[in-house]
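Accompanying notes for the structure given below.
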Amino acid sequence: MLTSRPRGTADLLPGEVEKWQFLEGEFRSLCHDFGFGEVRTPVFEHTELFQRAVGESTDIVRKEMYTFKDRGGRSITLRPEGTAPTVRAYLQAKLYAEPQPTKLYYVCPIFRYERPQSGRLRQHHQFGVEMFGAAAAEADVEVIMVAWEFFRRLGLEGLIVHLNSIGCPTCRRAYRAALKDFFEPKAKDLCTDCRERLELNPLRVLDCKTEACQPYIQEAPVISGYLCDECRAHFEDVKSLLTQRKVKFVLDTRLVRGLDYYTRTVFEIRHPHLGAQNSVCSGGRYDGLVEECGGDPTPGVGFGMGVERLVEALEIEGVALPGRRSVDVYIAISEAGDRDMKNRGLDLLYALRERRISADMDYLGRSLKSQMKYAGKMKAKYVIIFGREELAGGEVVLRDMAQGRERRVSLSDVPGTLRASLDVGGTPWSNCQKPSG
RNA sequence: GUGGAUGUAGCUCAGCUGGUUAGAGCGCCAGGUUGUGGCCCUGGAGGCCGGGGGUUCGAGUCCCCUCAUUCACCCCA
């Protein structure tokens, strides 16, 4: 217990965490390019927020929330999705009084009590964007374009955009009734889950994977035949704007989404090689949500993207991501046991660090040979070697580990010389190891 | 919540039908003479064989329970 993490959680250690830092940086700068500003909301909220916003009939609210009473007797829930807290923050800060639309993005952990499997954790992380106050199809498309452009920049290629419209409450009511009429006579032939779905949310029968249900699903009425004129026109706009942007998508009339707040556009971006949980990014429009949360009627659209799944997809495709960062300079001392020598080493070490050169040295009392081995394993670019002999002449040996060459440099020139060498071609990620294979 | 698979050194695994001090490769640490890495050689440390109970003269090997990991269902990022 003491040495094992809770089920469905993960530790990110050096070597792995650099990938996340890189992706977060890329996502932030991309969002900035699209005019989105970052929002950071609490990890927990009042339980009522999610009950209201996500919907009582959803699996999330019914069985997946981490909910507990705090010491003041308030019911608190760890954020199971990112949209509701963002809406809450939008309303609480009265961002609707600012110039519209409001464009926000976030990078945050998400908690759901589920049985872990490939691509599913109890704590996972999402990148997300939300846009409030814009009802036009251009807004739907911009949100999809954030994800699309992100994947393009990363060099991720095998993704498929699934698109559908589930209409507004009015046309959905008609469709829902049609589905019920269609399935109810056949209810005894459907799987037990679908019989339940038929009562709770008939739309979800559509994405059942049970063999027995497939023949009926194939013949079931399609949403597009039930969209009202406005919803149909909106959906046509979304599709043509996506085409104009050269985004390839597949119309998926069985894409329904498990959250109650969606209206009109819904989409999911999947990676075919991810296993059963293959949705990397999903979202849609939620024109009634702000009002549901106590605001004025305000259109909204956004997505959430699973970072763990994104990393997995990138690795499947062999996209190179930063590896463990190494130090630039290692200081190796020959008379390691000598107190005075060690102090001279420390002086140099901190002189380098003051000049923002990443540097390290031995604290374990190792032999020079061991220090060299260690520096090699740590992938240090340079090793500074010195002992009494060099210091007597005010010099040190500067060894280039990749070249295997060394030269003498006067002690006072060391930081300047290193700074100059390291600045050549130095990107922020230049001293991360590239993944091998 | 349901079902399947798996749990032996830090890592990847071997341990045949139960039988003596549980092995390998890699990794780690130290050496290979006097101040220097990556190759090579030598040596060393390191294992409640996931945990508990049972069967047996004897269990890492068989049985039960439990926990964990993992994959799938439900659902979702």
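Within every chain, numbering begins at 1; the chains are lettered A, B, ... in the order of the sequence lines, protein sequences first and strands thereafter.
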Can you tell me which nucleotide in B/C75, B/G32, B/G1 comes closest to the side chain of A/Lys369? B/G32
Nearest to the A/Glu64 side chain among B/A77, B/C75, B/U36, which nucleotide is it? B/C75
Could you state the atom-to-atom distance from CZ of A/Arg120 to P of B/A72 in whole Å? 9 Å
Which is more 5' along RNA chain B, the nucleotide nearest A/Ile60 or the one nearest A/Arg405? Just name the residue. A/Arg405
Answer whether the closest heavy-atom distance between the side chains of A/Leu418 and A/Ile384 falls below 4.5 Å. yes
Closest to the side chain of A/Met372, out of B/G35, B/G37, B/C73, is B/G37
A/Phe111 ring centre to A/Arg79 NZ or CZ under 6.0 Å, with the angle to the axis within 45°? no
Give me the distance, rounded to whole Å, that separates B/A22 from B/G47 when you measure between the C1' atoms they each carry. 8 Å
A/Asp400 CG to B/G38 C1', straight-line distance once rounded to whole Å: 13 Å
Picking from B/G38, B/U69, B/A77, the nucleotide nearest the side-chain atoms of A/Arg399 would be B/G38
Looking only at the side chain of A/Ile385 (C-beta and beyond, no hydrogens), which of the listed nucleotides B/G38, B/A30, B/G35 gets closest? B/G35
Determine whether A/Thr77 and A/His46 satisfy the following criterion, side-chain contact (heavy atoms from CB on, under 4.5 Å), listing intermediate values before the conclusion. CA-CA 6 Å; A/Thr77 295; A/His46 296 299; over 6 Å; no
P atom, B/C71 versus B/G27: distance in rounded Å? 28 Å
Watson-Crick/G-U partner (both atom distances under 3.5 Å) of B/C49: none
Grab the CZ-P distance between A/Arg270 and B/C75 for me, whole Å please. 13 Å
Counting only side-chain heavy atoms from C-beta out, which of B/A72, B/G31, B/A77 sits nearest to A/Lys373? B/G31
Gap between atoms CG and C1', on A/Leu121 and B/A77 respectively (whole Å): 10 Å
Taking a pair to mean Watson-Crick or G-U wobble geometry with both distances below 3.5 Å, B/A5 pairs with B/U69
What's the closest nucleotide to the side chain of A/Arg366 if the choices are B/C29, B/A72, B/G37? B/C29
May I ask you to decide if the ring planes of A/Tyr261 and A/Tyr286 are parallel, tilted or perpendicular, using 30° and 60° as cut-offs? perpendicular
Mind checking the C1' distance from B/C48 to B/G7? Whole angstroms is fine. 15 Å
Does B/C71 have OP1 or OP2 sitting under 4.0 Å from an N or O in the side chain of A/Ser118? yes
B/G19 pairs with, by Watson-Crick or G-U criteria that keep both distances under 3.5 Å: B/C57
Does this structure show an ion pair linking A/Arg153 with A/Glu26, if we count only N-O contacts that are shorter than 4.0 Å? no
Tell me whether A/Glu390 is salt-bridged to A/Arg408, with the criterion being a basic N under 4.0 Å from an acidic carboxylate O. yes
RNA chain B: 5'-proximal contact among A/Glu268 and A/Phe386 (nearest heavy atom): A/Phe386
So, does the side chain of A/Gln371 form a donor-acceptor pair with the base of B/U36 at under 3.5 Å? no
Taking atom P of B/C29 as reference, at what distance in whole Å does atom CG of A/Leu364 sit? 9 Å
So if I take every side-chain heavy atom of A/Ser367 and compare against B/C75, B/G31, B/U36, which nucleotide ends up nearest? B/G31
Should the pair A/Asp252-A/Arg254 be classified as a salt bridge under the 4.0 Å nitrogen-to-oxygen rule? no
Has A/His124 got its ring stacked on B/A77, by the test of a centre gap below 5.5 Å and a plane angle below 30°? yes
Does A/Arg7 make a side-chain donor-acceptor contact with the base of B/U69, cut-off 3.5 Å? no
Ranking B/G35, B/G37, B/A77 by distance to the side chain of A/Glu114, first place goes to B/A77
Searching all strands shown, indicate the nucleotide that pairs with B/G44 (Watson-Crick or G-U wobble; both distances under 3.5 Å). B/C28
